[in-house]
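Everything on this sheet refers to the single structure shown next.
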Amino acid sequence: MDTLEELIGASAWAAGLSAAQLARVRADMVARQFPAGAHVCRRGEPAESWLGVIDGLLKLSSDSPDGRTVTFAGVPAGAWFGEGSLLKAEARRYDVIALRESRVALMPRATFAWLLDASIAFNRFLLVQLNERLGQFIGLVEHRLLTPEGRIARSLATLFNAQLYPGVGPSFRLSQEEIGYLSGVSRQRANQALRVLEQAGLLRLEYGGVTVMDVEGLRRYEG
DNA sequence: TCATTAAATTGTT
DNA sequence: AACAATTTAATGA
């Protein structure tokens with residue numbers, strides 16, 4: 001995607017809005033560009049907006065006290081996130097970092113709150129979104145118990161969640177280094193594990209990307 | 001269109 | 001972490 005307008009057009013929640021509602025949403029939102037490695041949000045910051053990814057790839061992560069980085073989720077283009085902190089009026093619970101150069105759309109909290117009151121379609125969208133995320137986080141609990149193959153399979157399966165990330169097709173531009181960041185393994189180990197998964201017929205590796213052949217297989221993979 | 005070069009990514013230790 | 005090999009993208013003749 002190239003523009004804020006395109007992102008809105010591709011978003012399920014926008015389809016249910018009236019022309020007038022859409023007009024206000026468009027007027028209130030802004031887009032910002034972040035270079036690779038930059039913080040989009042910092043943990044502990046007050047959450048002032050709902051975020052959508054126009055282009056690029058973000059990760060939601062947190063640094064534990066002992067210095068280890070735990071990644072909760074990768075967020076590809078077309079996805080929206082951050083509703084949890086807005087709904088509870090609390091500080092951001094995680095860091096948001098651009099894994100590659102990315103463009104992000106920001107909806108001010110006031111607009112978000114207004115949509116919540118004004119649109120049933122918007123509420124429905126958030127309900128599904130929150131439910132899908134709950135599923136993701138339940139899966140996260142056992143993430144550390146899995147082999148590197150299992151972790152990567154799990155991370156990819158969540159990234160190819162059609163409900164949360166409608167912009168992600170079967171083949172996706174994603175380097176092995178990025179897969180490593182999302183899965184919590186080194187690039188070297190990611191490279192090794194990815195080829196095991198390819199041998200198992202679950203995905204196909206290409207230069208600079210992957211094609212997922214069997215999402216369910218990845219989700220169920222136990223290594 | 002082809003050749004050259006730089007940058008990105010992968011494969012391996 | 002470092003290094004070599006491979007692929008892609010960009011450039012200019």
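Just so you know, these numbers come straight off a predicted model, no measurement behind them.
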Sequence neighbours excluded, which residues qualify as side-chain contact (heavy atoms from CB on, under 4.5 Å) partners of [X]?
| X | result |
| --- | --- |
| R26(A) | E5(A), I8(A), L22(A) |
| V196(A) | E149(A), Y221(A) |
| R204(A) | E198(A), E206(A), T211(A), M213(A) |

- prompt: Quick one: salt bridge (Lys or Arg N to Asp or Glu O under 4.0 Å) pairs with a partner in residues 153-169 of chain A, sequence neighbours left out?
  reply: E142(A)-R154(A)
task: Apply salt bridge (Lys or Arg N to Asp or Glu O under 4.0 Å) to D55(A) and list each qualifying residue two or more places apart in sequence or on a separate chain.
output: R103(A)
query: Which residues pass the salt bridge (Lys or Arg N to Asp or Glu O under 4.0 Å) test with D214(A), sequence neighbours left out?
result: none
statement: Those residues at least two apart in sequence (or on a different chain) that pass side chain to side chain donor-acceptor pair (under 3.5 Å) with D95(A) are none
So which protein N/O to nucleotides 3-5 of chain B N/O distances come out below 3.5 Å?
none

- request: Scan nucleotides 7-13 of chain B nucleotide by nucleotide, 5' to 3', and note B when protein non-hydrogen atoms come under 4.0 Å of the base, S if they reach only the sugar-phosphate, - if neither.
  value: -BSBBBB
